[in-house]
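Working notes, structure below.
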Amino acid sequence: MGNSVAIKDTVVESIFGVLPEHANSMGMLHGGYMMNWMVTTAALAAVKLSRGSATLGALDSIFFINPVKIGSMVLVRSWVEYVGRASMEIGVEAYSENPLTGESSLTTLSHMAFVATDARGEPREVHTKIRPREQEREIYEQAVKRWENRRRSIAKRHEYGLDVSEYAPDSRWRRRVSRIVLADDALYGEYMFGGKMLLLLDELAGTIASRYCRGIVLTGSVDGMVFYYPIRVGDIIDIEVALNHVGRTSLEVGAKIIAENPYTGRRRHASTAHLTFVHIGRDGRPSEVPPYRPETENELARWREAEERRKNRRIMVEQLQRLAELNKTVYE
Ligand SMILES: CC(C)(COP(=O)(O)OP(=O)(O)OC[C@H]1O[C@@H](n2cnc3c(N)ncnc32)[C@H](O)[C@@H]1OP(=O)(O)O)[C@@H](O)C(=O)NCCC(=O)NCCS
């Protein structure tokens with residue numbers, strides 16, 4: 001028999017100091033580190049509630065609202081909003097704080113789904129459920145809806161996982177990087193940690209964006225992702241990144257991750273991602289990106305799909321303030 005707890009009882013907080021090794025040459029934090037810290041804190045909330053290991057199954061879009069500078073502190077908070085059988089809907093938000101003035105600002109907030117797993121990486125039941133306090137009811141109901149929508153969006157996960165076709169093979173702005181997954185890419189056990197994957201993706205997608213702009217770029221956003229297949233330590237991962245769309249000062253880079261078992265040669269599509277970057281000029285402000293004209297049929301198709309995602313992002317950004325207000329009910 002399990003028990004139940006309020007959302008407030010599941011809160012985990014972490015603090016990270018922004019050091020030069022986390023930042024670009026203008027002293028601004030790379031988005032990849034922020035995402036790694038967010039997934040780490042969310043994983044702690046999931047592990048603590050489920051009393052065992054938990055893996056990142058999916059994440060919702062992440063928007064970076066304010067840049068963070070070297071010397072700042074980053075406070076990440078995370079909590080469990082809903083528990084299904086093995087899956088957990090997790091809320092996460094990050095604030096940056098200037099330690100000299102105490103001034104703090106919201107950097108980003110999102111939701112993630114973790115799945116409790118056993119030693120073989122198979123889902124295991126979570127016995128502690130969420131019983132929201134009165135003021136947490138709206139947050140809880142939204143989490144239930146998200147969980148239901150997520151079930152629909154992952155229904156074809158096994159089929160998608162078999163799609164190991166090349167990403168954007170005809171793109172003029174594309175690169176493919178291969179790596180062996182090392183023991184320190186896992187948080188514990190033998191599977192690659194989702195936070196490490198986001199750190200790597202941000203770096204690789206950022207290199208193509210930076211090369212295209214011939215300048216510094218900052219991560220603007222990462223669209224929602226689903227992790228179809230686990231990646232083991234010792235696997236070879238191929239990450240293919242390609243330029244999809246160019247706006248006035250921002251651009252979208254797509255990425256596809258394929259994991260290969262080196263012994264059997266079995267290849268699986270682990271996930272696909274879309275990241276946006278903003279070109280930053282020497283004055284630290286957004287600066288124009290060289291124009292780009294899609295030429296081949298596939299470039300045009302990817303351009304149009306990216307325009308749709310761009311419209312959706314605008315709508316999602318408008319909802320962030322309301323979400324930030326709602327999150328406060330967890331602490332009341
Ligand atoms: C997550 C994972 C363990 C699920 O395995 P599975 O065999 O598909 O699981 P099941 O069909 O038994 O579903 C178990 C639960 O997880 C949920 N789920 C499954 N895949 C999910 C995903 N990708 N995202 C979110 N939830 C997921 C199901 O809806 C179900 O929810 P419920 O228990 O609340 O009803 C498996 O897909 C996996 O290992 N994915 C890779 C995760 C990973 O490695 N992340 C880091 C990447 S670097």
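Start at 1 and go down the list; that is how both ligands and their atoms are numbered.
We find that Glu318 and Arg314 are not joined by a salt bridge, their nearest charged nitrogen and carboxylate oxygen being 4.0 Å or further apart. Comment: Arg293 does not engage Glu299 in a salt bridge, judged by the lack of any side-chain N to carboxylate O separation of less than 4.0 angstrom. Here Glu295 pairs with Arg172 in a salt bridge; the nearest charged N to carboxylate O distance falls below 4.0 Å. Between Arg179 and Asp238 there is no salt bridge, since no side-chain N of the basic residue sits under 4.0 Å from a carboxylate O of the acidic one.
Short contacts between ligand 1 and Gly84, defined as distances under 4.0 Å to a heavy atom of the residue, involve ligand atoms 34 (O). Heavy-atom contacts of Met192 reach the following atoms of ligand 1: 46 (C), 48 (S) (cutoff under 4.0 Å). Counting the atoms of ligand 1 from 1 in the order shown, those under 4.0 Å from a heavy atom of Val226 are 23 (N). Remark: ligand 1 atoms within the under-4.0 Å shell around heavy atoms of Met197 are 48 (S). Each of the following atoms of ligand 1 lies closer than 4.0 Å to a heavy atom of Gly194: 46 (C), 48 (S). Close approach to Trp147 involves these atoms of ligand 1, each under 4.0 Å from a residue heavy atom: 34 (O), 35 (O).
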Take Arg120 and Glu190 through the salt bridge (Lys or Arg N to Asp or Glu O under 4.0 Å) test and state the conclusion after the steps.
CA-CA 9 Å; Arg120 288 172 297 125; Glu190 54 179 311; over 6 Å; no
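A salt bridge (Lys or Arg N to Asp or Glu O under 4.0 Å) with Glu89 is found for one member of Arg151, Lys129, Arg146 and no other, namely Arg146.
When only interatomic distances are considered, the shortest N/O to N/O separation between Arg85 and ligand 1 falls below 3.5 Å. In terms of polar-atom proximity, defined here as any N/O pair under 3.5 Å, Leu56 does make such a contact with ligand 1. Of the polar atoms of Arg151, at least one N or O is found under 3.5 Å from an N or O of ligand 1, judged by distance alone. In terms of polar-atom proximity, defined here as any N/O pair under 3.5 Å, Ala86 does make such a contact with ligand 1.
The closest approach between any non-hydrogen atom of Tyr228 and ligand 1 is below 4.0 Å. Within the 4.0 Å heavy-atom cutoff, Tyr191 does not count among the residues contacting ligand 1. Using 4.0 Å as the threshold, His158 has a heavy atom nearer than that to some atom of ligand 1.
Ring centroids of His22 and Trp37 are separated by less than 6.0 Å, placing the two rings close together. For His269 and Tyr228, the distance between ring centers is under 6.0 angstrom.
Nearest-heavy-atom check against atom 27 (C) of ligand 1 across Ile231, Leu198, Leu201, Ile154 picks out Ile154. The option with the heavy atom closest to atom 6 (P) of ligand 1, from among Gly161, Pro123, Ala43, is Pro123.
Inside a 4.0 Å radius of atom 2 (C) of ligand 1 there is not any protein heavy atom. By the definition of a contact as any protein heavy atom under 4.0 Å away, atom 21 (C) of ligand 1 is in contact.
We find the NE2-OH distance between His245 and Tyr292 to be 10.5 Å, quoted to the nearest 0.5 Å. Between the CD1 atom of Ile216 and the OG atom of Ser210 there is a distance of 6.0 Å, given to the nearest 0.5 Å.
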